[in-house]
Amino acid sequence: LLRGQTQGVTPANATDREVPSALVVVFDESKILAMEDSQTVKSAYRCLRAELRRESAIGVFLDTFGSTSLFLPEDAPSDRETGIGFFPPPVFEIDTFDEFKDHFLFLGRPLWKMNWQYRHDQDFTELVKFAAHKLCPANIASPKDGYVALFLCRYGLNPSGELAKRLVASHLATLVGVSVDRKQLLTKYKSEPILAEASAYLTTCGSVNLHENVLLEVRSLIGNKVLTSAKGDRGEIAAAAWFGYTLDRLRQKTTSCDKYNAERTSLSREIDVLQFIEALCSSTTIMDDTVRQLLKGWMINVTHFSRLGYSPGRDILPLAWKRRVGMYMPEGEEGVDIVIPACIDQSKEKFATVRVQVKNYKNIIGKTCMYNLFQKLEVRTCAPLSTFEEEPLSIAFLVQVGQGQMAARVGLQDLGKKTRASTPLAQQVQVACSLSDESDRDLCASLRDIAGAGVENTEFVLSSEHFNRGELVVPD
C-alpha cells in the first residue's frame, strides 16, 4: 500500500511539486502490532514505523487498552527536557479548537463533529447529553471516577496512578506525558466548553449530587494524595470552583431542567457582573450606586478554568471569551492568580479584565493588608498588562479561601489622576470576599478542604494592629 501509487503519483519518482497531500494510515487496535515474544526479531509495529518513515507517510496507532510504553522508542521517554530526540508539542498545547471545523474537528474533538452532524441531527442539547454520558457514564459498576471527571474537566488537579489511566480510557481525559521510568502518566483535561456544559448539566439538572458525589469524592482523593497539585494551586482551584458553582446557581434560575435546551437556556450563558458579585458577597455588603452604574451592562460567561504556560496580553481576552474559559496564571506570576474576561457591548469587542488574587490565610486579613493586595492588581503592573486608554475599567477580586476572617467589601479606586481636580483616567472596582460569606455551608466546607491548610500571615496581622492603633493611614 505504502509503495503503491497515490492519486496516480508514485512518491519515489515524483518531484516535490507533484507529491499530493501526505498519506495518513490509521491502525486501530494496534496493541497486537507491538507485541513481541522470543520468536519475534522485530515487532510488526517497528517494521511499519520504519516503512512509514521511508515513504514519508504518517502513521496513527490507536488502542484503548494498550500501554504507551509499547510504542515509545527504546530509551526515549516523552519528557522533552531530557534532550533525547525531538518531540513536538503535546496536543493540549496546540490551539486546535475548531481549527478544522469545516472538515473533521468541531468543539475540540472529531467525536463531537461526528455525533452532531450524523447522529444527533445538529441538536446541541442531545450533543451535550451525549458528552455527559461519555464524561460520567451512568451504567458502570463504580461511578466514582466519573464524579472526579466532572470536577477535573472544569477546575483541574493532577490525578495519579491507576486513576489517571482510567480517566484517559473511560472519561475523556488526555494523556500528555509519561515519566522517565514509564510508571507515571501525566493526564489533563484541555479547555473544552462542551465538557464544562455537560458537567454543569449533570450536577445542576442531572442525577449527580454536587456535595454527596462530586465534592466528597474529590476531597477523599486529595486526602489520599491520589489528586495532587503544585504548592498554592489548591487555593486557586477552590476559588475557581466557588466562582463556577456560584455561576451555575445563577444560571439555574432561568433554566428549566425538565425542558433543558443547550442553545436557549444553557448552563453556559452570560451572567451580569453585578449579580455575580452580589451572590459572592454577604447580604450586608454595601455597594455604592457609583459602582453599580459603572458595572451596569458588564457580563461574564466563564464555565471552566485552564492553566496558562505564559504571561498573557490583552489579545487573549476575546479568545477566552469565545471559549468561556477563565485562566490560571503561570507559576510565579506577580500579583494575580486568575484572569477572567468581561464584556459589555453586543458586538463583543469591548473587554475588561477581572483580575483575581487568592489567599489561603489562617489569620484575619485587615484593612491595611487588603489595600496593599489590591495595589498589586493595578492594570499597568499586573497581567494582562494594559494602559488606561486600553482598559478604562477593571475589576479586581481579593478572595480569602482560608479560615481567617476578612470583611466583605465592594469599593472603587480611581487610577491615574493627572491632577487632584481632574477626573480619573481609569477606575477599578475592588471586591473583597471570602468563603465564610458563602450561604451554602456544605459548599464552603468542601472547598476549604480542597484549598488545604492555610498559612500564617503574621506580618499582615501586625499591620492590622498598627492600623487599629491609628499608626497607619490608608485610603478608604
Under the 3.5 angstrom rule, does the side chain of [X] hit a backbone N or O of [Y] as a donor-acceptor pair?
X: T303; Y: R324; value: yes
X: Q400; Y: G402; value: yes
X: D63; Y: S30; value: yes
X: R323; Y: E192; value: no
X: R234; Y: D449; value: yes
X: S160; Y: V226; value: yes
X: N360; Y: G452; value: yes
X: D233; Y: S229; value: no

Which atom of [X] lies closest to which atom of [Y], heavy atoms considered:
X: H171; Y: A149; answer: CB-CB, 3.9 Å
X: S386; Y: E390; answer: CA-OE1, 3.4 Å
X: P159; Y: L227; answer: CA-CD2, 3.7 Å
X: N213; Y: S207; answer: OD1-O, 4.4 Å
X: F374; Y: V431; answer: CZ-O, 3.6 Å
X: A279; Y: T246; answer: CB-CG2, 3.7 Å

Passes side-chain contact (heavy atoms from CB on, under 4.5 Å), R314 versus T353? Steps please. CA-CA 8 Å; R314 276 188 59 80; T353 310; 3.7 Å; yes
Is a salt bridge present between E236 and R307, judged by a nitrogen-to-oxygen distance below 4.0 Å?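 A salt bridge links E236 with R307.
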Salt-bridge criterion met for E391 and R355 (N-O under 4.0 Å):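 Salt bridge: yes.
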What is the distance from atom [atom1] of [X] to atom [atom2] of [Y], rounded to the nearest 0.5 Å?
X: L377; Y: Q357; atom1: CG; atom2: CD; answer: 5.0 Å
X: S199; Y: L152; atom1: OG; atom2: CG; answer: 9.5 Å
X: I194; Y: L111; atom1: CD1; atom2: CG; answer: 8.5 Å
X: L267; Y: C205; atom1: CG; atom2: SG; answer: 5.0 Å
X: T204; Y: R251; atom1: OG1; atom2: CZ; answer: 9.5 Å
X: L210; Y: S446; atom1: CG; atom2: OG; answer: 7.5 Å

Side-chain touch [X]/[Y], heavy atoms, less than 4.5 angstrom:
X: P193; Y: V325; result: no
X: I450; Y: I222; result: yes
X: V26; Y: L62; result: yes
X: S434; Y: V399; result: no
X: F27; Y: V60; result: no
X: L398; Y: K359; result: yes
X: M299; Y: V273; result: no
X: L157; Y: T228; result: no

Should the ring pair Y260 and Y201 be called parallel, tilted or perpendicular, given that the plane angle runs from 0 to 90° and is split at 30 and 60?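 Ring orientation of Y260 relative to Y201: tilted.
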Please determine whether side-chain contact (heavy atoms from CB on, under 4.5 Å) holds for the pair I316 and M327, giving the CA-CA distance in whole Å, both sets of side-chain angles, and the decisive distance to 0.1 Å. CA-CA 10 Å; I316 202 171; M327 296 159 284; 3.5 Å; yes
side-chain contact (heavy atoms from CB on, under 4.5 Å) assessment of L175 paired with L186: CA-CA 6 Å; L175 174 65; L186 174 61; 5.8 Å; no
Any residue meeting salt bridge (Lys or Arg N to Asp or Glu O under 4.0 Å) with D248, in chain and number order, not counting sequence neighbours: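 Expected list: R154.
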Going by the rule salt bridge (Lys or Arg N to Asp or Glu O under 4.0 Å), which residues pair with K129 if we only count those two or more places apart in sequence or in a different chain?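 Residues passing salt bridge (Lys or Arg N to Asp or Glu O under 4.0 Å) with K129: none at all.
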Test applied, side chain to side chain contact (heavy atoms under 4.5 Å, CB included); reference residue, Y328; option that passes from I237, V356, D337, L308: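 The residue from I237, V356, D337, L308 that satisfies side chain to side chain contact (heavy atoms under 4.5 Å, CB included) with Y328 turns out to be I237.
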Please evaluate residues F276 and V354 with respect to the criterion side-chain contact (heavy atoms from CB on, under 4.5 Å), reporting the C-alpha separation (whole Å), side-chain torsions for both, the decisive distance (0.1 Å), and the verdict. CA-CA 12 Å; F276 175 59; V354 179; over 6 Å; no
Let's go through F397 and F243 carefully: what are the C-alpha distance in whole Å and the side-chain angles of both, what is the deciding distance for ring pair (Phe, Tyr, Trp, His ring centres under 6.0 Å) to 0.1 Å, and is it a yes or a no? CA-CA 11 Å; F397 274 85; F243 282 13; 5.5 Å; yes
Is it the case that over 12 heavy atoms from other parts of the model lie below 6.0 angstrom from the CD atom of E29?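 Correct, the count exceeds 12.
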I32, CD1: over 12 other non-hydrogen atoms inside 6.0 angstrom: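 Counting neighbours around CD1 of I32, 12 or fewer heavy atoms of other residues, nucleotides or ligands fall under 6.0 Å, so no.
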Among residues at least two apart in sequence or on other chains, which ones pass ring pair (Phe, Tyr, Trp, His ring centres under 6.0 Å) with Y189?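 Scan of Y189 (ring pair (Phe, Tyr, Trp, His ring centres under 6.0 Å), adjacent residues dropped) gives none.
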For a side chain to side chain donor-acceptor pair (under 3.5 Å) check, start with the C-alpha distance between S191 and H304, then their side-chain angles and the critical distance, and finish with the verdict. CA-CA 8 Å; S191 171; H304 62 294; 2.8 Å; yes
Trace of the ring pair (Phe, Tyr, Trp, His ring centres under 6.0 Å) decision for Y155 with Y245: CA-CA 11 Å; Y155 308 115; Y245 291 133; 5.3 Å; yes
